Amino acid sequence: MSSFAGRMKEYPNMSLDRFDRENLHARAYFLSHCHKDHMKGLKGPLLKRKLKFSLTVKLYCSFVTKELLLSNPKYAFWEDHIVALELESPTLITLIDEASGEREELVVTLLPAGHCPGSVMFLVEGAQGTVLYTGDFRLAKGDSSRIELLHSGSRVKDIKSVYLDSTFYDPRFYQIPSRETCLHAIRGLVQDWISRSVYHTVWLNCKAAYGYEYLFTNLGNEFHTQIHVKSLDMFKKMPEILSHVTTDRATQIHACRHPKEEEFVRGSRLPCGSSASDGTPLKIISIKPSTIWFGERTQRTEVIVRTGASSYRACFSFHSSYSEIKDFLSYLQPINIYPSVIPIGRTHADVTEL
DNA sequence: GCGATCAGGT
DNA sequence: CACACCTGATCGC
């Protein structure tokens with residue numbers, strides 16, 4: 001879980017992914033992606049009040065993050081204060097102190113982070129040097145060399161500091177199977193099950209968070225069926241996702257939720273309450289996306305683990321592995337690295353040493 | 001009645 | 001394992 005307090009040493013007048021406490025005084029806000037642990041204070045009454053009296057304070061994010069954020073009415077008061085930025089398009093942003101009129105100019109670039117829909121990293125270039133705030137990210141080995149705006153001419157930019165998603169920055173999580181490998185394995189398991197009969201149904205036991213959409217679109221394409229989800233509201237302006245999800249319960253692939261979902265599934269009912277129309281019990285398997293990792297010298301490659309008669313865990317990660325992070329850092333060669341996540345049982349000094 | 005925090009859950 | 005939530009209880013205002 002991110003323990004980043006919201007501010008970078010070089011640019012303390014901007015706040016990123018934290019909106020409480022000291023961040024209430026920021027001149028500009030940045031949201032890397034729409035997960036609650038990066039939105040602390042974002043619906044707070046103090047911030048709401050500050051916006052009422054301010055003409056200059058804005059929240060910068062991607063178009064997709066803006067759409068996901070505003071689909072939740074609790075954040076509707078931000079509407080006129082959000083500036084959605086294009087990806088990979090350097091933008092001049094002037095931070096203004098409303099009391100003194102003091103100005104500070106920055107060039108901010110959104111780089112795709114591969115963590116969930118709309119997720120970005122913020123590249124900030126200004127008088128105090130070039131810094132990269134990664135938010136949460138999953139980039140594969142070699143991806144950083146393909147991000148043009150991390151380069152100047154043929155070489156990588158001089159980066160003073162990286163504020164790093166260090167969730168899996170521990171040799172224990174050396175390798176996590178690639179997105180493609182995991183998708184392929186899940187597709188295989190789904191294929192094997194739903195082809196048996198129309199009563200054979202798959203329940204994708206996904207957490208209540210954005211980040212599984214590419215799984216839905218991939219399975220939707222492969223099996224020419226839509227995935228049942230609770231709500232479509234947040235995707236109404238995202239045709240690629242919208243076309244693969246449905247609120248119609250008559251489908252063999254579900255990703256719906258219910259507080260007593262596990263009991264339901266054990267009793268041949270889906271979390272949405274659906275059972276077969278003619279009274280025949282559904283034959284349900286549950287697939288729970290989970291991060292499965294391997295050590296440096298581990299030869300195992302199982303990306304699907306059977307955990308019961310009709311339950312499986314399938315490898316799925318929102319975050320880069322240790323080796324992926326190492327590749328990222330050794331390519332960028334920043335002067336400073338500030339980890340944003342300290343795993344329990346470790347200290348800040350442990351992670352900094354690594 | 002509200003938000004913040006914690007316990008306990010998936 | 002750790003993640004990103006959720007619900008419900010309790011506390012303080």
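Atoms considered below: every heavy atom in the structure, side chains included; atoms not considered: hydrogens, waters and symmetry mates. Keep in mind the model is a prediction, meaning the values are calculated, not measured. Just so it is clear: chains get the letters A, B, ... in the order the sequence lines come, proteins before strands, and each one is counted from 1.
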- For atom CD1 of A/Ile292 and atom C1' of C/dC3, their distance in whole Å: 14 Å
- Query: Roughly, in whole Å, what's the span from CE in A/Met39 to C1' in C/dC3?
  - Reply: 17 Å
- Query: Across the strands shown, which category fits A/Asp20 at heavy-atom distances under 4.0 angstrom: base, sugar-phosphate, nothing?
  - Reply: nothing
- Message: Would you say the rings of A/Tyr212 and A/Phe316 are close, in the sense that their centroids are separated by under 6.0 Å?
- Response: yes
- Using whole Å, report how far CG of A/Leu68 lies from P of C/dA4. 15 Å
Grab the N/O contacts between the protein and nucleotides 5-13 of chain C below 3.5 Å, and write none if there aren't any.
| from | atom 1 | to | atom 2 | distance (Å) |
| --- | --- | --- | --- | --- |
| C/dC5 | OP2 | A/Lys36 | N | 2.5 |

- Gap between atoms NZ and C1', on A/Lys48 and B/dG3 respectively (whole Å): 13 Å
- Message: Under 6.0 Å between ring centres: does that hold for A/Phe264 and A/His258?
- Response: yes
- Counting any heavy atom closer than 4.0 Å, what does A/His258 reach on the DNA or RNA strands: base, sugar-phosphate only, or nothing? nothing
- Note on the structure: Taking for A/Thr291 and for A/Phe318 the nucleotide of DNA chain C with the nearest heavy atom, the one nearer the 5' end belongs to A/Thr291
- Message: Can you see whether A/Asp248 engages A/Gln226 through a side-chain donor-acceptor pair at a distance of less than 3.5 angstrom?
- Response: no
- Query: What's the closest nucleotide to the A/His115 side chain, out of B/dT10, C/dA2, C/dA4?
  - Reply: C/dA4
- Message: Rounding to an integer number of Å, can you tell me how far A/His319 NE2 sits from C/dC1 P?
- Response: 17 Å
- Item | Whole angstrom value for the distance that separates P of C/dC1 from CZ of A/Arg313 | 10 Å
- Message: To the closest 0.5 Å, what do you measure between OG (A/Ser320) and NZ (A/Lys326)?
- Response: 13.5 Å
- Round to the nearest Å and state the distance from A/Trp203 atom CH2 to B/dT10 atom C1'. 8 Å
- Would you give the length of the straight line joining atom OH of A/Tyr163 to atom CE of A/Met121, rounded to the nearest 0.5 angstrom? 15.5 Å
- Task: Measure from the side-chain heavy atoms of A/Asp136 and tell me the nearest of C/dC1, B/dT5, C/dA4.
- Result: C/dA4
- Query: Within this structure, what is the NZ-to-P distance between A/Lys43 and B/dA4, rounded to whole angstrom?
  - Reply: 6 Å
- Task: Validate the cation-pi geometry between A/Arg138 and A/Phe318: distance from NZ or CZ to the six-membered ring centre under 6.0 Å, angle to the ring axis within 45°.
- Result: no
- Message: With a 6.0 Å cut-off on the ring centroids, do A/Tyr322 and A/Phe168 count as close?
- Response: no
